[in-house]
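Side-chain atoms are counted along with the backbone in the values below, which use heavy atoms only and exclude waters and symmetry mates. In what follows, every chain begins at residue 1, and chains take the letters A, B, ... in the order their sequences are listed.
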Amino acid sequence: MFKKILIANRGEIALRVLRAARELGVKAVVAYSEADETSLPVLLADESICIGPAASSGSYLNVRNLLSAALVTGAEAIHPGYGFLAENAEFAEMCEEHHLTFIGPRPENIERIGDKARARSLAIEAGVPITPGSDPLADLAAAHAFAAEVGYPVILKASAGGGGRGMRVVQSPNDLERNFVQAQEEARAAFGDPRMYLERFLEEPRHVEIQVFGDGEGEVIHFYDRDCSIQRRYQKVLEEAPSILDPALRADIAEAAVRLARHIGYRGAGTCEFLVDREGRFYFSEMNTRIQVEHPVTEMVTRFDLVQEQFRVAAGEGLSLRQEDVRLEGHAIEVRVNAEDPDHDFRPSAGVVTDVHWPGGPGIRVDSHVYAGYRIPPNYDSLIAKVIAWGPTRAMAIARMERALRETVVEGVATTIPFHLRVLDNAFYRRGAVYTNFIARRMSI
Amino acid sequence: MFKKILIANRGEIALRVLRAARELGVKAVVAYSEADETSLPVLLADESICIGPAASSGSYLNVRNLLSAALVTGAEAIHPGYGFLAENAEFAEMCEEHHLTFIGPRPENIERIGDKARARSLAIEAGVPITPGSDPLADLAAAHAFAAEVGYPVILKASAGGGGRGMRVVQSPNDLERNFVQAQEEARAAFGDPRMYLERFLEEPRHVEIQVFGDGEGEVIHFYDRDCSIQRRYQKVLEEAPSILDPALRADIAEAAVRLARHIGYRGAGTCEFLVDREGRFYFSEMNTRIQVEHPVTEMVTRFDLVQEQFRVAAGEGLSLRQEDVRLEGHAIEVRVNAEDPDHDFRPSAGVVTDVHWPGGPGIRVDSHVYAGYRIPPNYDSLIAKVIAWGPTRAMAIARMERALRETVVEGVATTIPFHLRVLDNAFYRRGAVYTNFIARRMSI
Amino acid sequence: MDVKELKRLMDAMKATGTAELELEWDGSEERPGGRVALRRESPVMPGGPASPGAPTQPGIPASSGVAAAAAGALEAMAAGTPAAGEVPAAAEEKAKGTDVVAPIVGTFYAAPSPDTQVFVRVGDQVKVGQVLCVIEAMKLMNEIEAEVAGTVVEILVRNEDPVEYGQVLMRIAPA
Amino acid sequence: MDVKELKRLMDAMKATGTAELELEWDGSEERPGGRVALRRESPVMPGGPASPGAPTQPGIPASSGVAAAAAGALEAMAAGTPAAGEVPAAAEEKAKGTDVVAPIVGTFYAAPSPDTQVFVRVGDQVKVGQVLCVIEAMKLMNEIEAEVAGTVVEILVRNEDPVEYGQVLMRIAPA
């Protein structure tokens with residue numbers, strides 16, 4: 001195992017990684033921007049090092065300073081968390097060049113599966129179903145031709161997009177005409193890559209994803225599924241594990257995910273995302289080559305520490321368990337508590353958290369970097385806590401989450417907790433009728 | 001299930017019961033003394049009612065006000081928590097007389113097994129081993145005769161004692177002479193019952209207890225064992241589940257506990273305490289007819305909610321699971337965080353908790369009624385939180401607990417956290433060499 | 001300016017350590033007139049929840065967001081049984097009267113039986129030892145007697161109300 | 001303004017430690033004029049861990065027990081690499097000099113190579129553009145040049161020290 005690692009991230013995931021390091025007896029250096037000097041991971045770290053100004057481009061995305069920070073502090077490995085450089089193949093490669101272990105997939109894993117178009121070809125090779133979709137489209141004419149073939153509505157996606165960014169639903173040829181060039185320009189601006197492709201649009205699909213783990217030597221296991229259908233503008237707001245789909249279907253999806261990860265000799269933690277239509281057909285949509293925000297729901301139902309496992313696999317110890325050792329028990333739900341005002345179109349609510357009281361008691365886990373007196377910097381995302389509730393049944397997990405959120409106090413900033421309570425209270429949600437359009441269709445917000 | 005219950009307790013256990021009620025959809029009225037008006041269970045309660053002044057005798061032990069409070073608020077049942085009236089058979093009986101369900105054992109269960117001397121006879125009847133011990137001793141001569149027979153050291157106990165109160169170790173006939181009458185007088189003053197008996201004193205025993213649950217119809221199941229050997233002045237300070245004894249021995253002890261509870265037709269949650277000597281012989285010492293402070297460690301390793309089950313059994317729904325459904329996974333440790341100063345002989349440290357930050361992340365549960373700004377009243381016990389850590393192994397549970405306690409902040413009052421960290425770091429503790437004299441013998445405090 | 005805007009101003013003042021703020025506006029549509037005055041605190045205390053010295057309910061720490069946020073719970077509680085929190089607050093208002101408080105938990109009865117006159121009404125003169133009301137607890141009727149002589153100035157509970165320990169039942173202005 | 005709104009205002013005042021609030025409005029139907037005056041309590045911190053007025057690290061809220069309790073962690077950090085926290089504190093003491101700060105993370109070198117003279121010593125006069133030191137980052141030597149002319153009054157790091165972004169390396173008193 002490593003003696004010392006560098007955490008190249010911030011907020012709750014930096015704290016999550018720090019906790020895993022502590023529990024494994026590994027020293028952790030937390031790299032931080034000037035805006036995060038008083039953040040909890042920095043205050044709790046064994047060591048910390050400022051790597052740039054508040055703007056991420058100069059700090060959390062500053063490859064040179066991050067690598068330098070690892071080198072001058074004597075860290076042997078870098079954990080990238082999620083976001084920032086976590087899925088940057090070049091960064092992973094530069095780590096290796098400097099004899100620093102990148103705690104994540106191999107650079108070529110990221111490179112091959114990170115590109116949406118390439119991921120689709122790999123899925124086809126591995127015999128994993130994908131939504132009927134086009135290759136990258138040369139021009140509008142090609143787009144028209146494809147859309148006519150599969151039928152409207154279709155969804156226009158940026159090859160380099162991900163996590164819901166760079167997507168738009170197109171209802172008609174006119175709509176396509178209006179959107180195509182504009183979307184190309186946006187993709188060029190956002191990702192430096194204007195390539196677009198089309199997919200058949202699924203009405204009311206569920207978003208189901210499989211947590212996989214590979215040893216990089218060809219062995220891949222899975223930790224079952226998560227349902228992340230509750231999304232707002234393609235951003236997940238509430239996740240659960242397992243999904244409530246038919247067990248045979250869930251097994252098929254998990255098997256497909258493992259097949260795909262094996263196909264590319266995947267190493268470390270990864271997630272294969274699928275859309276599942278009402279007829280129970282499933283389609284691979286993308287793979288995330290990192291630990292996910294929602295990984296705790298899987299940890300709660302399997303009682304397995306995925307971040308510790310990332311350390312072990314990166315340190316060359318291989319997987320610590322076999323597929324048959326992975327057991328699933330009960331049901332877990334996570335809500336992402338964001339400092340946003342749900343009464344005002346979820347506008348960010350930065351500022352000082354003057355008082356905070358997180359819930360406790362049986363079945364509750366809280367992952368949060370916020371403390372009383374903490375100033376939420378306006379420079380980063382608005383996630384301030386993940387509250388996770390486990391129960392022997394989905395109904396009990398919901399009941400626990402409700403009682404936990406009702407005993408939570410956050411003062412000084414607005415949070416999305418009132419919104420989460422409304423989701424939990426929604427009759428469609430309670431009976432599991434959740435699709436990716438749930439919030440738009442089932443809730444009046 | 002009940003529609004509404006009254007919680008006749010305070011502090012963390014009142015909150016624990018309130019949480020269980022919430023999760024079951026049961027309304028809870030929290031009965032509180034004037035000193036607890038701003039306590040968290042009162043602030044979070046569906047309803048609350050003041051039942052007397054700060055002194056427990058006028059409030060939490062005030063049977064008339066508690067029953068009245070249940071009646072005027074329309075509660076159908078009373079949960080007594082632990083301590084106060086939890087093991088008072090008369091109170092349980094008065095509840096029944098007023099058609100209020102006592103969420104606990106039947107009055108006759110409490111009465112029969114609550115008395116130490118009667119408990120020993122019941123154990124003998126049930127074929128459960130007890131430490132060689134006397135009947136209640138008529139006088140000093142009888143005591144001398146018994147001690148001579150089993151050999152010194154012996155332990156002198158009050159029949160009505162419990163939880164470590166009313167006990168003294170006697171090394172020689174002279175010692176016995178000096179202690180006997182004095183102990184009688186103390187027992188009369190403390191318990192209103194001067195009867196004393198003698199037991200053979202075990203050197204360095206482990207304190208191992210079995211969590212049992214009966215349906216009152218003759219069915220009793222167990223939830224495995226806990227090791228509570230780490231004690232200071234007979235008060236538990238750190239508990240874990242399961243014990244690290246040989247599995248066959250653990251099964252024997254569990255079986256003996258079930259036999260005893262079946263013998264008395266036990267209803268609800270109870271704990272049979274045993275002493276285990278170095279040769280692996282075990283002796284029943286007493287039964288606690290209530291939920292225990294340390295019940296969360298059992299909940300963590302079985303993932304079963306014991307307090308919810310108390311509700312179900314009391315509501316006449318019977319046990320919700322069978323013995324074969326009770327599974328044990330991993331290891332859990334609980335520390336009792338007391339507002340006491342370990343640097344000054346653990347003197348109580350009442351006052352305002354000006355800031356508090358509990359730990360979170362994987363495997364950590366916190367049960368606490370304390371919030372920033374809370375004033376700890378000087379009238380009650382000093383328990384301010386229970387921090388529970390679960391891990392797949394005992395070593396990981398220890399590592400988790402250490403990292404959790406190191407990220408805990410309590411300002412304004414002294415706590416026992418520094419002491420707990422020293423226990424966790426102790427080499428004897430780490431290899432499981434824990435006996436009831438651990439603190440006195442293995443730690444220099 | 002509505003409550004929400006005012007609250008935002010207060011939050012902003014707190015966050016920035018602003019001690020005083022005055023704001024005037026004349027409401028005219030075009031080129032509205034107005035005035036703003038701001039003063040900062042001398043030593044700035046970052047991030048502190050709230051300051052002491054503020055008149056708060058006895059026993060409820062001013063710094064507690066938990067207590068503040070539990071206002072809803074307190075309201076719910078008040079709906080169920082009279083909230084203890086009301087008592088001291090109300091007591092400050094009308095400090096002239098002597099409180100008659102419930103010594104036990106139970107049901108308040110204003111009259112000895114449903115078809116008889118109430119023991120006392122507002123305005124009645126009472127003597128020491130005179131029965132003011134009855135609290136039923138566990139089927140027993142407990143007579144509550146006046147400890148001072150004077151005039152009943154206020155009765156705070158209604159017949160058959162549940163009362164908790166220490167709850168103010170009525171007030172007597174000493175003679 | 002109804003009771004509910006008033007209660008919300010009171011809650012807000014309590015939560016934000018607002019001591020006084022005055023509110024006037026003229027009642028005109030459209031775009032009413034008005035006046036608001038707010039005053040906060042004098043900022044004494046209730047039972048806060050760090051005593052008020054105590055010199056605390058800039059940016060770390062004094063009221064935060066979390067921050068205070070992490071002092072050990074900060075010390076550990078300082079042992080590993082020079083703590084950022086030291087810098088501004090020191091800066092207050094010797095405010096006369098202009099700070100030369102590290103623009104990148106890396107290893108500080110006082111001299112171009114192990115067997116040569118250091119670039120500058122305390123007391124040296126430097127010109128704009130003169131090389132003051134080198135920071136090695138990822139095998140690249142980055143020369144740090146003077147941005148002001150003046151006298152080197154202090155050098156805060158030693159040869160081969162790791163330096164973090166924004167760390168003060170030396171101070172120059174402008175000529």
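- Between the CD1 atom of B:I364 and the CG atom of A:D367 there is a distance of 11.0 Å, given to the nearest 0.5 Å.
- Taking every heavy atom of both residues into account, A:R303 and B:E329 meet most closely at CD-OE1, 3.3 Å.
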Could you walk me through whether B:L40 and A:H357 satisfy the side-chain contact (heavy atoms from CB on, under 4.5 Å) test, starting with their C-alpha distance in whole Å, then the side-chain angles of each, then the deciding distance to 0.1 Å, before giving a yes or no?
CA-CA 11 Å; B:L40 197 54; A:H357 186 85; 3.5 Å; yes

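- Heavy-atom distances place the side chain of A:R16, and not its backbone, under 4.5 Å from chain B.
- Ranked by heavy-atom pairs under 4.5 Å with chain A, the list B:M396, B:E12, B:E299, B:K386 is led by B:M396.
- If you tally non-hydrogen atom pairs under 4.5 Å between each of B:A20, B:G360, B:P296, B:G25 and chain A, the highest count goes to B:G360.
- With respect to chain A, the highest number of heavy-atom pairs below 4.5 Å among B:E402, B:M300, B:R365 belongs to B:R365.
- Residues B:D355 and A:A372 share a closest heavy-atom pair of OD1-CB, 4.2 Å.
- Most heavy-atom pairs under 4.5 Å with chain B, from the set A:M401, A:R406, A:R400: that is A:R400.
- Between A:R403 and B:L44 the shortest side-chain heavy-atom distance does not fall below 4.5 Å.
- By the neighbour-count criterion of 12 heavy atoms within 6.0 Å, atom CZ of A:R327 is sparsely surrounded, having that number or fewer from other residues, nucleotides or ligands.
- Residues B:E407 and A:R22 are not paired through a salt bridge, judged by the lack of any N-O separation under 4.0 Å between the basic side chain and the carboxylate.
- A:V370 touches chain B through its backbone: at least one of N, CA, C or O sits under 4.5 Å from a heavy atom, while the side chain does not.
- Between B:Q308 and A:P362 there is no side-chain heavy-atom pair separated by less than 4.5 Å.
- Contact annotation for A:W358: neither backbone nor side-chain heavy atoms come within less than 4.5 Å of a heavy atom of chain B.
- Contact of A:L24 with chain B is made through the side chain alone, with heavy-atom distances under 4.5 Å.
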